[in-house]
Amino acid sequence: MRIALFASGNGSNVEAIIQASLEGRLDAEIACLFCDNPHAYVIERAIKHNIPFFVCAPQQCATREKWEGFILSFLETHQVDWIVLAGFMRIIGQPLLNRFPNRILNIHPSLLPAFPGKNSIKEAFDAKATHTGVTVHYVDNGIDTGPVIAQEEVAIQDGWDLETLEEAIHQIEHRLYPEIIQQVTKKECAYS
């Protein structure tokens with residue numbers, strides 16, 4: 001199973017997935033990384049692990065379709081079976097959805113459908129929610145609307161600040177995402 005990781009920033013989930021693969025907890029090859037931000041630290045992670053990467057911001061292309069066409073060409077070159085979004089801050093368009101039906105996963109730092117989109121952890125904190133969590137879901141053409149695969153709750157403790165909540169969420173993400181990727185991709189292999 002060959003996986004493409006998509007990320008836009010620091011890439012801590014990317015690192016967790018790579019480590020799970022290196023340690024044998026994730027039986028998949030990290031084929032490549034796509035990044036839409038030329039200044040993202042995740043590029044350094046790809047270099048460190050010798051993972052082929054492609055960086056292209058949508059603004060570099062005349063149309064969104066051309067941008068996704070470049071991405072598809074890159075993925076085809078690396079014979080990708082699955083796309084795993086790990087902090088990728090763009091909506092996935094129809095060309096990618098059509099080419100990878102039910103083979104694009106995302107992790108989101110809330111218990112969807114609560115707090116979709118950007119800044120979910122801060123929104124839950126500011127709303128004084130008593131709990132939030134992490135959701136892994138299939139990607140569809142909406143924003144965090146695809147079918148849920150797994151969720152794990154975090155009870156927000158009295159006295160926590162935003163940074164403490166963010167750390168609690170990231171700890172769950174880094175453990176849960178590789179586990180769910182393993183389950184989903186192995187299940188798919190069993191039916192192929």
If you apply the rule side-chain contact (heavy atoms from CB on, under 4.5 Å), what do you find for W82 with I104, and how did you get there? CA-CA 6 Å; W82 284 81; I104 305 175; over 6 Å; no
Hey, mind stepping through Q183 and E179 against side chain to side chain donor-acceptor pair (under 3.5 Å) and telling me if it holds? CA-CA 6 Å; Q183 289 174 17; E179 290 174 6; 5.4 Å; no
Please report the C-alpha distance between L105 and V139 in whole Å, then the side-chain angles of each, then the deciding distance to 0.1 Å, and finally whether the side-chain contact (heavy atoms from CB on, under 4.5 Å) criterion is met. CA-CA 6 Å; L105 303 177; V139 174; 5.9 Å; no
For the pair I43 and F53, evaluate side-chain contact (heavy atoms from CB on, under 4.5 Å) and give the outcome as yes or no after the intermediate values. CA-CA 7 Å; I43 298 165; F53 65 92; 3.7 Å; yes
Test log, rule side-chain contact (heavy atoms from CB on, under 4.5 Å), inputs L96 and I83: CA-CA 9 Å; L96 287 165; I83 295 173; 4.1 Å; yes
The test is side chain to side chain donor-acceptor pair (under 3.5 Å); show your working for H137 and T135 and say whether it passes. CA-CA 6 Å; H137 64 94; T135 302; over 6 Å; no
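With S8 contributing its side chain and M89 its backbone, the two residues share a donor-acceptor pair below 3.5 Å. Put simply, the side chain of T132 never gets that close to the backbone of A129: no donor and acceptor are under 3.5 Å apart. Remark: the backbone N or O of C56 is paired with a side-chain donor or acceptor of W67 at under 3.5 angstrom. With Q157 contributing its side chain and A155 its backbone, the two residues share a donor-acceptor pair below 3.5 Å. Judged by distance alone, with hydrogens and angles left aside, the side-chain atoms of H108 form a donor-acceptor pair with the main-chain N or O of F115 at under 3.5 Å.
The hydrophobic clustering, which links ILVMFWY residues whose side-chain heavy atoms are closer than 4.5 Å, places V14 and L26 together. Residue W160 is grouped with residue V134 when hydrophobic side chains (ILVMFWY) are merged at heavy-atom distances under 4.5 angstrom, including chains of intermediate members. At a threshold of 4.5 Å between side-chain heavy atoms, the hydrophobic network of Ile, Leu, Val, Met, Phe, Trp and Tyr places Y177 and L5 in one connected group.
Using a cut-off of 4.0 Å between Lys/Arg side-chain N and Asp/Glu carboxylate O, E68 and R64 are scored as salt-bridged. Between E123 and K118 there is no salt bridge, since none of the side-chain N atoms of the basic residue sits less than 4.0 Å from a carboxylate O of the acidic one. Using a cutoff of 4.0 Å between basic side-chain nitrogens and carboxylate oxygens, D36 and R90 are scored as salt-bridged.
Contact between E173 and N13 at its shortest, heavy atoms only, is OE1-ND2, 3.2 Å. Listed here is the closest heavy atom pair of K186 and D27: NZ-O, 3.3 Å. The shortest non-hydrogen separation linking A16 to R25 is O-NH2, 4.5 Å. Here the shortest heavy-atom pairing between L162 and K122 reads CD1-CA, 3.8 Å. A pairwise comparison of heavy atoms in A168 and V154 identifies CB-CG1, 4.2 Å as the closest pair. Of all heavy-atom pairs spanning F6 and F88, the tightest one is O-CB, 3.6 Å.
There is a side-chain donor-acceptor pair under 3.5 Å between S12 and H174.
A side-chain contact (heavy atoms from CB on, under 4.5 Å) with D144 is found for one member of P116, P113, S110 and no other, namely P116.
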